[in-house]
> 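Shown below is the structure under consideration.
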Amino acid sequence: MTIRTAVSATALALVTALALTGCVAGENAEPEAADPSAASDGEVTWSADTLDIDFATYNPLSLVIKDQGWLEETLGDDVTVNWVQSAGSNKANEALRAGAVDVGSTAGSAALLARSNGSPIHTIGIYSQPEWAAIVVPATSDITSVADLAGKSVAATKGTDPYFFLLQSLEEAGVPLDQVEVQNLQHADGRTALEQGSVAAWSGLDPIMAASEAESGTKLIYRNIDFNTYGFLNATQDFLDASPDLAQVVVDAYEKAREWAQENPEEVVAILAEVAGIDPAVAEKVIVERTNLGVDPVPGDAQREVLEVVGPIFVESGDVADQATIDKALAELFEPTFAEKADPSTIAG
């Protein structure tokens, strides 16, 4: 399969969907203007010689940027771009905390959890509004509702949106968490456990979830887009302090990718299919039916409202000590200035 493989014309629906939508660096100071300096010979001088950034199958815009080579072309030979794959929000958070990446992709819930637990990250952009999590059961299962999960084992990756999707779903259904055996498995392992019968249900993540539906006949018994918490692009405090110019280039590239996706929806599907190793029809379902890339990139009220609902669940589940810690983290999490200044025209390619 090639990256330019044509897919169904229904990808046109993505164009329509995209068209419908239209402060804490240094902790107390707004980041300085993110313009690179110019050397005396007119060449651009960047603040660092490396940029470590993640890509993930749950973040389609990251796949587009990597595929098109825009960062490499814009930054030139003076900056080496290192791409690191994130298997889930928890892995992206681990890489951010360890300094293995400067910029990483997570769900909003995972970003807030990381910040609440002391990781010095900030959200510098919003890359999607996905419906990427749902409760999944085998094709032959007699489980038909979340209430039926009482007394059952459920696979979920702690620290990610599917895990918090599970917690919210259980709470809504009146099922105490201690009545469910949660097996903490990485997303792909959760699929395997479900299909091999090791667990009764799985709180899944696309595109792995969509592939399981298509290839193994598994069923989504509960969906709720309101329990999904947006795609957050996060950066470490050290990176924002030291390299605001590179942070701005990353955010600018994301906006170029958003525009490119509107013009080339079939190629977004093809790229996802190739990277994830899934059938183009499955990738199309993920992109066209379950992902809204046409969101406002500036983190703000819409995301804050979602996280204000999720935050108390962290305390109830024991993931964060108290609500005051969550409130402080939420007040400090967003750094909107880069997205507010985003200019895709600055990106080469």
> Is the backbone of Gly108 close enough, under 3.5 Å, to the side chain of Asp161 for a donor and an acceptor to pair up by distance?
no
> Measure the CD-CG distance between Gln183 and Leu194 for me, rounded to the nearest 0.5 Å.
11.0 Å
> In Å, rounded to the nearest 0.5 Å, how long is the span from CG of Leu51 to CH2 of Trp46?
10.5 Å
> Does Val268 share a hydrophobic cluster with Trp132, counting links as ILVMFWY side-chain heavy atoms below 4.5 Å and allowing steps through other members?
yes
> Find out whether Leu167 and Leu177 are in side-chain contact, i.e. whether some heavy atom of one side chain is under 4.5 Å from a heavy atom of the other.
yes
> When hydrophobic residues are tied together by side-chain contacts of less than 4.5 Å, even through go-betweens, does Val269 share a cluster with Val275?
yes
> Answer yes or no: is there an ion pair linking Arg290 with Glu213, defined by an N-O contact shorter than 4.0 Å?
yes
> Is it the case that Thr192 and Asp189 place a side-chain donor and acceptor less than 3.5 Å from each other?
no
> Between Val175 and Leu149, is any pair of side-chain heavy atoms under 4.5 Å apart?
no
> Quick check for you: to the nearest 0.5 Å, what is the distance between Glu332 atom CD and Arg115 atom CZ?
4.5 Å
> Quick one, Glu171 and Ile313 - any side-chain contact, counting heavy atoms below 4.5 Å?
yes
> Which of these, Val103, Ile347, Val81, sits in a side-chain contact (heavy atoms from CB on, under 4.5 Å) with Val250?
Val103
> If you group Ile, Leu, Val, Met, Phe, Trp and Tyr by side-chain heavy-atom gaps below 4.5 Å, do Phe334 and Val298 land in one group?
no
> For residues Pro344 and Glu259, report the shortest heavy-atom separation together with the two atoms involved.
CG-OE2, 3.4 Å
> Leu96 and Asn93: side chain to side chain contact (heavy atoms under 4.5 Å, CB included), yes or no, with the steps?
CA-CA 5 Å; Leu96 284 163; Asn93 274 329; 4.1 Å; yes
> After noting the C-alpha distance and the side-chain angles of Gln186 and Asn90, does the key distance pass the side chain to side chain donor-acceptor pair (under 3.5 Å) rule?
CA-CA 9 Å; Gln186 199 61 46; Asn90 60 324; 3.1 Å; yes
> Keeping the roles fixed (side chain from Gln85, backbone from Ala87), state whether a donor-acceptor pair exists under 3.5 Å.
no
> Return a table of donor-acceptor pairs under 3.5 angstrom between the side chains of residues 150-157 and protein atoms on other chains or two or more places apart.
residue	atom	partner	partner atom	Å
Lys152	NZ	Asp148	O	3.3
Ser153	OG	Ala200	N	3.4
Thr157	OG1	Leu185	O	2.5
Thr157	OG1	His187	N	3.1
Thr157	OG1	His187	ND1	3.2

> Contact between Asp49 and Thr80 at the side-chain level, heavy atoms closer than 4.5 Å - yes or no?
no
> Is there a donor in the side chain of Ser47 and an acceptor in the side chain of Ser243, or the other way round, less than 3.5 Å apart?
yes
> Are side-chain heavy atoms of Leu75 and Leu246 found at a separation under 4.5 Å?
yes
> Which atom pair, heavy atoms only, marks the closest approach of Ala201 to Ile135?
CB-CG2, 4.4 Å
> Heavy atoms only: give me the nearest Asp54-Ser86 pair and the separation to one decimal.
OD2-OG, 2.7 Å
> Do you know the tightest heavy-atom contact between Leu205 and Tyr58?
CD2-CD2, 4.1 Å
> Measure up the Trp70 and Trp260 rings against each other and bin them: parallel (under 30°), tilted (30 to 60°), perpendicular (over 60°).
perpendicular
> Any side-chain heavy atom of Asp102 within less than 4.5 Å of one from Ile53?
no
> Side chain to side chain contact (heavy atoms under 4.5 Å, CB included) for Ile121 and Phe232? Distances and angles first, verdict last.
CA-CA 11 Å; Ile121 61 169; Phe232 279 35; over 6 Å; no
> Decide side chain to side chain contact (heavy atoms under 4.5 Å, CB included) for Tyr222 and Ile143; before the verdict, give the C-alpha distance in whole Å, the side-chain angles of both, and the deciding distance to 0.1 Å.
CA-CA 11 Å; Tyr222 186 67; Ile143 296 174; over 6 Å; no
> With a 4.5 Å cut-off on side-chain heavy atoms, are Asn184 and Tyr163 touching?
no
> Do the side chain of Ser116 and the main chain of Ala329 share a donor and acceptor less than 3.5 angstrom apart?
no
> For Ser317 and Asp319, test the side chains for any donor-to-acceptor distance below 3.5 angstrom and give the result as yes or no.
yes
> Tell me the closest heavy-atom pair linking Ile126 and Val295, and the distance in Å.
CG2-CG2, 3.8 Å
> Please confirm whether the backbone N or O of Ser89 pairs with a side-chain atom of Thr160, one donor and one acceptor, at under 3.5 Å?
no
> Tell me whether Asn82 contacts the main-chain N or O of Thr50 through its side chain, where contact means a donor paired with an acceptor under 3.5 Å.
no
> Is there a chain of hydrophobic side chains (I, L, V, M, F, W, Y, each step under 4.5 Å between heavy atoms) that links Leu220 to Phe164?
no
> Rounded to the nearest 0.5 Å, what's the gap from CD on Glu266 to CD1 on Ile287? Could you check?
12.0 Å
> So, taking the atom named OG in Ser119 and the one named CG in Asn234, what distance separates them when rounded to the nearest 0.5 Å?
8.5 Å
> Please verify the inter-ring angle class for Phe165 with Phe227; under 30° counts as parallel, over 60° as perpendicular, anything in between as tilted.
perpendicular
> Before giving the answer on side chain to side chain contact (heavy atoms under 4.5 Å, CB included), spell out for Trp202 and Thr218 the whole-Å C-alpha distance, their side-chain angles and the decisive distance to 0.1 Å.
CA-CA 10 Å; Trp202 168 47; Thr218 55; 5.8 Å; no
> Salt bridge or not between Lys91 and Glu94? Use side-chain N to carboxylate O under 4.0 Å.
yes
> Side chains of Phe338 and Leu233: closer than 4.5 Å at any heavy-atom pair?
no
> If you group Ile, Leu, Val, Met, Phe, Trp and Tyr by side-chain heavy-atom gaps below 4.5 Å, do Tyr127 and Val251 land in one group?
yes
> I need the minimum non-hydrogen distance between Glu255 and Ala342, along with the two atoms involved.
CG-CB, 3.6 Å
> So, Ser105 and Ser62: side-chain donor and acceptor under 3.5 Å apart, yes or no?
no
> Working to the nearest 0.5 Å, report the span between OG of Ser216 and CZ of Arg191.
5.0 Å
